[in-house]
Amino acid sequence: MTIPVRRCNLPDMPADSPRQLPELDAAIRDDALDCVMCGICVPHCPTFSITENEADGPRGRISILLGVSQGELSVDESVRDHLDGCLTCRACEVVCPSGVAFGRLIDSGRERLARESATALQPRALARPFRWLRDGVLARRRVMGAAWQGYRALHALGLGGVARRLSGRLGAALPKRPPAPLATSSRPAGAGDGATRGTIGLFIGCTGEAMNANTAGAAEQVLAALGYRVVIPREQVCCGAMHAHGGEPGPAEALRDRNARAFLDAGVRDVVVLGTACRSELAALESKHDIRVREVTEWLLETDPADWPAMQTPNWRIAVHTPCSQRNHLGQPGATRALLERIPGLELVEIDGNERCCGAAGMHVLLYPEQARSLRAPKIDSIADLQPDFVVSANVGCATHLAGGTDVPVIQPVELLAAAFERSRNGSN
């Protein structure tokens, strides 16, 4: 049974005071000085692979940050561009023999840039048009949902291409066609059968009524089929990742705290998240608020397959994409494949270059669209060569970005599972 919780008393929850500049510079130095400049990370950096400029690789960015934090290097537009162009994919971090916390370091660097008085020296995400887009559209689930429904309506009238062209960077980041739900049951599978194993909160994120709506429906079906009561607090908000990686850790923390209060007020301490990037950002809820957080793929892998309903698929060929947030942030590079291997009748193939970022990277696809398309191109070529029935990615940003370059439907793993449950229940061939 799905319980949408429509009211939640959310008092203002101020974030911690921002770090003072000396404290911020000291934190940057502490992380930067862990680097021994060995260069092992450099060939793993997607942005370095495009420009072949040392300043666009992790070692170069660390040198820049060290110089700025020590007062030896002034921030100018070149410094801003090198630091701001990082995808925060953290491919460098997972191969670093010295354990440099590069993700934390680059976020601190962008926080440092955000303190500059000149707008031209701040992270691009803080420029007025992008800040308005983030705070007025992208981080607002209902606004996103309304915009998505408008796009679907225009596409149905044959005007989808026009809508994408007229919507500028945002339109270019949309899928070529809005995907149809793979599982079409009008009620969650197993709902009402009386088997209640417990209560699960579902975090659907900013895109839960837009690009991720099909995934949200599929997750509800699957959780109910496994015997869980599903709670979706309507007052949940953006996970805060766009703010955290754009130089604003304070607002990011405030958003996380609001989400914690939304789920706690709904009586939920077990939260399943749609999307690996949101899961990475919401991980802080575990230590700060004693809320157990799992991405839906991760959560399903922790369940016993013996408790699953029967499954059936029509021998689909599936191209597996691994998001950076799943591979590098969560340390779960094989999670999607492991889950799909539990579904009978699927042929699984890997997209070439799965270890390299697709270029979506949250708002990066909007901030640096040419770079994002360059990083996506080899994956689109690989998808064309593989000729799958579906591409599967566990992150909505990656899925949306890939869907903008291919006619093959791009879905999330839980959608396949919901479809397999439904086909078996209906006796489909």
In this structure, CG of Leu133 is separated from CZ of Arg131 (nearest 0.5 Å) by 12.5 Å
Which heavy atom in His321 sits nearest to a heavy atom in Ser393, and how many Å separate them? ND1-OG, 2.9 Å
Is the shortest distance from a Lys or Arg side-chain nitrogen in Arg292 or Glu286 to a carboxylate oxygen in the other one below 4.0 Å? no
In the structure I gave you, are the side-chain heavy atoms of Glu347 and Ile318 within less than 4.5 Å of one another anywhere? no
Using a strict threshold of under 4.0 Å (side-chain N to carboxylate O), is an ion pair present between Glu298 and Arg279? yes
Do Arg197 side-chain atoms and Gly227 backbone N/O form a donor-acceptor pair below 3.5 Å? no
Partners of Phe390 by ring pair (Phe, Tyr, Trp, His ring centres under 6.0 Å), sequence neighbours excluded? Trp316
Any non-hydrogen side-chain atom of Leu113 less than 4.5 Å from a side-chain atom of Arg80? yes
Indicate yes or no for a side-chain donor-acceptor contact from Glu93 to the backbone of Gly103 under 3.5 Å, with no hydrogens or angles considered. yes
Hydrogens and angles aside, do His289 and Asp257 bring a side-chain donor and acceptor to less than 3.5 Å of each other? yes
Would you say the side chain of Phe130 lies within less than 4.5 Å of the side chain of Leu126, judging by non-hydrogen atoms? no
Do Arg337 and Glu350 sit within salt-bridge range, that is, some charged N less than 4.0 Å from a carboxylate O? yes
Distance only, no hydrogens: is a donor on one side chain within 3.5 Å (strictly under) of an acceptor on the other, for Asp56 and Thr51? yes
If you take all heavy atoms of Leu87 and Gln371, which pair is closest and at what distance? CD2-OE1, 4.1 Å
Would you name the heavy atoms of Glu52 and Ser49 that are closest together and state the gap between them? CG-O, 4.3 Å
Looking at Val230, Leu223, Val231, which hits side-chain contact (heavy atoms from CB on, under 4.5 Å) with Thr199? Val231
To the nearest 0.5 angstrom, please state how far the OG1 atom of Thr313 sits from the CG atom of Leu182. 10.5 Å
Between Leu416 and Ile411, the two heavy atoms sitting closest are CG-CD1, 3.7 Å
Minimum side-chain heavy-atom gap Arg269-Phe263 below 4.5 Å: no
More than 12 heavy atoms of other residues, nucleotides or ligands under 6.0 Å from CD of Glu302: yes or no? yes
Tell me whether Asn328 contacts the main-chain N or O of Cys89 through its side chain, where contact means a donor paired with an acceptor under 3.5 Å. yes
Under 3.5 Å donor-acceptor, Arg59 side chain and Met37 backbone: yes
Side-chain donor/acceptor of Arg356 to backbone N/O of Cys324, under 3.5 Å: no
Could you check if a side-chain atom of Asp34 sits within less than 4.5 angstrom of a side-chain atom of Phe102, using non-hydrogen atoms only? no
Report the distance from atom CZ of Arg104 to atom OG1 of Thr88, rounding to the nearest 0.5 Å. 15.0 Å
Would you confirm whether Ser424, through its side chain, and Ala420, through its main-chain N or O, come within 3.5 Å as a donor-acceptor pair? no
When you measure from the side chain of Arg342 to the backbone of Leu301, do you find a donor-acceptor pair of N or O atoms at a distance under 3.5 Å? yes
Are the charged groups of Asp135 and Arg140 less than 4.0 angstrom apart, N to O? no
Using a strict cut-off of less than 4.0 Å between a Lys/Arg side-chain nitrogen and an Asp/Glu carboxylate oxygen, indicate whether Glu248 and Arg110 qualify as a salt bridge. no
Is Arg294 paired with Asp270 through a side-chain N to carboxylate O contact shorter than 4.0 Å? no
Quick one: does Asn259's side chain have a donor or acceptor within less than 3.5 Å of a partner on Gln236's backbone? no
Before you tell me yes or no, could you show the steps for Arg327 and Glu355 under salt bridge (Lys or Arg N to Asp or Glu O under 4.0 Å), namely the whole-Å CA-CA distance, both residues' side-chain angles and the distance that decides it to 0.1 Å? CA-CA 8 Å; Arg327 175 184 297 277; Glu355 73 286 351; 5.6 Å; no
Under 3.5 Å, is there a donor-acceptor pair between the His245 and Asp107 side chains? yes
Under 4.5 Å between any side-chain heavy atoms of Leu386 and Arg317, yes or no? yes
Residue pair His329 / Glu281, side-chain heavy-atom distance below 4.5 Å: no
Evaluate the criterion side chain to side chain donor-acceptor pair (under 3.5 Å) for residue pair Ser325 and Arg90; output intermediate values, then yes/no. CA-CA 8 Å; Ser325 49; Arg90 288 164 60 177; over 6 Å; no
Apply the test salt bridge (Lys or Arg N to Asp or Glu O under 4.0 Å) to residues Glu235 and Arg258: give CA-CA distance (whole Å), side-chain angles for both, the deciding distance (0.1 Å), then the verdict. CA-CA 8 Å; Glu235 297 300 331; Arg258 287 185 64 190; 5.0 Å; no
Of the non-hydrogen atoms in Leu417 and Leu300, which two are nearest, and what is the gap between them? CD2-CD1, 3.7 Å
Say whether, by atom type as modelled, one donor and one acceptor occur between the side chain of Asn354 and the main chain of Val320 under 3.5 angstrom. yes
Roughly how far, to the nearest 0.5 Å, is the CG atom of Leu202 from the CG atom of Leu274? 4.5 Å
With a 3.5 Å cut-off and no angle check, do the side chains of Gln326 and Thr336 form a donor-acceptor pair? yes
Supply the atom-to-atom distance Arg169 CZ to Leu366 CG, rounded to the nearest 0.5 angstrom. 8.0 Å
Any salt bridge between Asp352 and Lys379, counting N to O under 4.0 Å? no
Between Arg61 and Thr47, does any side-chain donor sit less than 3.5 Å from a side-chain acceptor? yes
Ignoring hydrogens and angles, state whether a donor on the side chain of Asp385 or Ser382 is under 3.5 Å from an acceptor on the partner side chain. no
Using modelled atom types only, decide if a donor and an acceptor are shared between the side chain of Arg376 and the backbone of His401 within a distance under 3.5 Å. yes
Minimal non-hydrogen separation, Trp148 against Leu174, with atom names: CZ3-CD2, 4.1 Å
NZ or CZ of Arg124 within 45° of Tyr368 ring axis and under 6.0 Å: yes
Can you confirm whether Pro46 sits close enough to Cys357 that some side-chain heavy atom of one is under 4.5 Å from a side-chain heavy atom of the other? yes
So, Glu295 and Thr276: side-chain donor and acceptor under 3.5 Å apart, yes or no? no
Enter the distance from Cys238:SG to Met144:CE here, rounded to the nearest 0.5 Å. 10.0 Å
